[in-house]
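All chains are named by letter (A, B, ...) in the order of the sequence lines, taking the proteins before the strands, and each is independently numbered beginning at 1.
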There are 2 protein chains.
Amino acid sequence: MNEEQIKKAGEILSDPRNQKEEVQALQDTIYVIGGKWRLLIINSICNGNRRFREIQRSIPGITTRMLSRELKDMEANQLIKRTVTQTETVLVEYTETDYCMSFGGIILEMIRWGKQHREKIKQA
Amino acid sequence: MNEEQIKKAGEILSDPRNQKEEVQALQDTIYVIGGKWRLLIINSICNGNRRFREIQRSIPGITTRMLSRELKDMEANQLIKRTVTQTETVLVEYTETDYCMSFGGIILEMIRWGKQHREKIKQA
DNA sequence: GTTACCAGTATCATTGATGATACCAGTGTT
DNA sequence: AACACTGGTATCATCAATGATACTGGTAAC
């Protein structure tokens, strides 16, 4: 085995390892943001919607039940903060955490894809 | 209403429209790549895995049934091409289409997120 | 001849995610 | 008084996604 062959073998051997790591990373991410609503809620809150009904109105098709469940889960997992203010009337606000913001890249890429896809469909 | 106010009003009015478009784009994308396996299969094939068992081995946890279903569906939707070669023994190969490649950005972002996430968990 | 690989299909069971609908207590609006 | 809005909860139903397991028909290796 000459030097080049050794180098090649190294690449071949190391490649599957990288692949495994990437597959695992992908699976983790899919697990965290899986489901029909999670990313939409994150996107909505990051876009400035803070009130329950406001968020609900911004996401076509979501029911109060699903939104309620997701918000609770996301609060438990530090994705958002829930704040209750007692003035004349009760005021509930949801705000994003830094952790939540870390999905920005994924969301932007998905929005880009969705827009391009719609363009292609239109043309055809 | 002065010029500045007019400009501001324009922004306020245009913003909800952009939001709606983006929500729709997001929903489209989630619909297309939804589910536990779709992106993983795309990733696997784009990484050079072409044979059924090869793809299966590269994705921890997937069953033959799920892989079979997904591959069929993806073929029907032009995401991949299925090629059968008849030599001494039958050879089936799956290859990505250009359309399939368009998910690259999303996948890369998700891998990045997953890796960072694992780092954070480790540190804590 | 037994074991193992390939590319799947078939059948059944489960369950998690989602939907539909109604409801509650409080405040404000007409 | 009647209606609408707020931030949800409760209950029930359903369905799509997934899992488990077994099996098939052909080739090749030991």
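- Taking the nucleotide of DNA chain C with the nearest heavy atom to each of A:Thr89 and A:Trp37, the more 5' of the two is matched to A:Trp37.
- What separates CE of A:Met66 from C1' of C:dG16 is a distance of 10 Å, to the nearest Å.
- Comparing A:Val90 and A:Gly35 against DNA chain C, the residue whose closest nucleotide sits nearer the 5' end is A:Gly35.
- Residue B:Arg53 places a side-chain atom within donor-acceptor reach of the base of C:dG8, judged by atom type and a 3.5 Å distance cut-off alone.
- Within the structure, a side-chain polar atom (N or O) of A:Ser68 is placed less than 4.0 Å from OP1 or OP2 of D:dT9.
- Closest to the side chain of B:Lys36, from the set C:dT9, D:dG8, D:dG19, is D:dG19.
- Residue side chain B:Arg65 does not reach the base of C:dG8 through any donor-acceptor N/O pair under 3.5 Å, judged by distance alone.
- Side-chain nitrogen and oxygen atoms of B:Tyr31 include none within less than 4.0 Å of the OP1 or OP2 phosphate oxygen of D:dA16.
- In this structure, A:Ile30 atom CD1 and D:dA17 atom C1' are separated by 14 Å, rounded to whole Å.
- Between the B:Ser44 side chain and the B:Asn49 main chain, no donor and acceptor come within less than 3.5 Å of each other.
- Put simply, CZ on A:Phe52 is 17 Å from C1' on D:dA4, counting in whole angstrom units.
- Backbone-only contact: B:Arg57 has heavy atoms under 4.0 Å from sugar-phosphate atoms and none from a base.
- Using cut-offs of 30° and 60° on the angle between ring planes, the pair A:Phe103 and A:Tyr99 is tilted.
- No engagement by A:Arg38 is indicated, since no non-hydrogen atom pair under 4.0 Å with the nucleic acid exists.
- Residue B:Glu93 contributes atom CD, which lies 13 Å from atom C1' of C:dC6 at whole-angstrom precision.
- In this model, the phosphate group of D:dG8 is not approached by any side-chain N or O of A:Lys72 to a distance below 4.0 Å at OP1 or OP2.
- A:Arg69 places its CZ atom 13 Å from the C1' atom of D:dC12, with the value rounded to the nearest Å.
- One interatomic measurement links the two molecules: CD of B:Glu54 to C1' of C:dG8, which rounds to 16 Å at whole-angstrom precision.
- Note: CD (B:Glu70) to P (D:dA17) measures 9 Å, nearest angstrom.
- Results of the salt bridge (charged side-chain N to carboxylate O under 4.0 Å, His left out) test with A:Glu22 over B:Arg118, B:Lys115, B:Arg112 single out B:Lys115 as the only residue that passes.
- Between the NZ atom of A:Lys36 and the CD1 atom of A:Ile41 there is a distance of 12.0 Å, given to the nearest 0.5 Å.
- Using the six-membered ring where Trp is involved, B:Tyr94 and B:Phe52 have ring planes that are tilted, between 30° and 60° apart.
- One atom, CG of A:Leu67, and another, P of C:dA17, lie 16 Å apart when rounded to the nearest Å.
- Scanning atom types as modelled, no donor and acceptor separated by under 3.5 angstrom connect the side chain of B:Thr63 and the base of D:dT18.
- When heavy atoms are screened at a 4.0 angstrom cut-off, B:Arg51 is found touching the sugar-phosphate backbone but no base atom.
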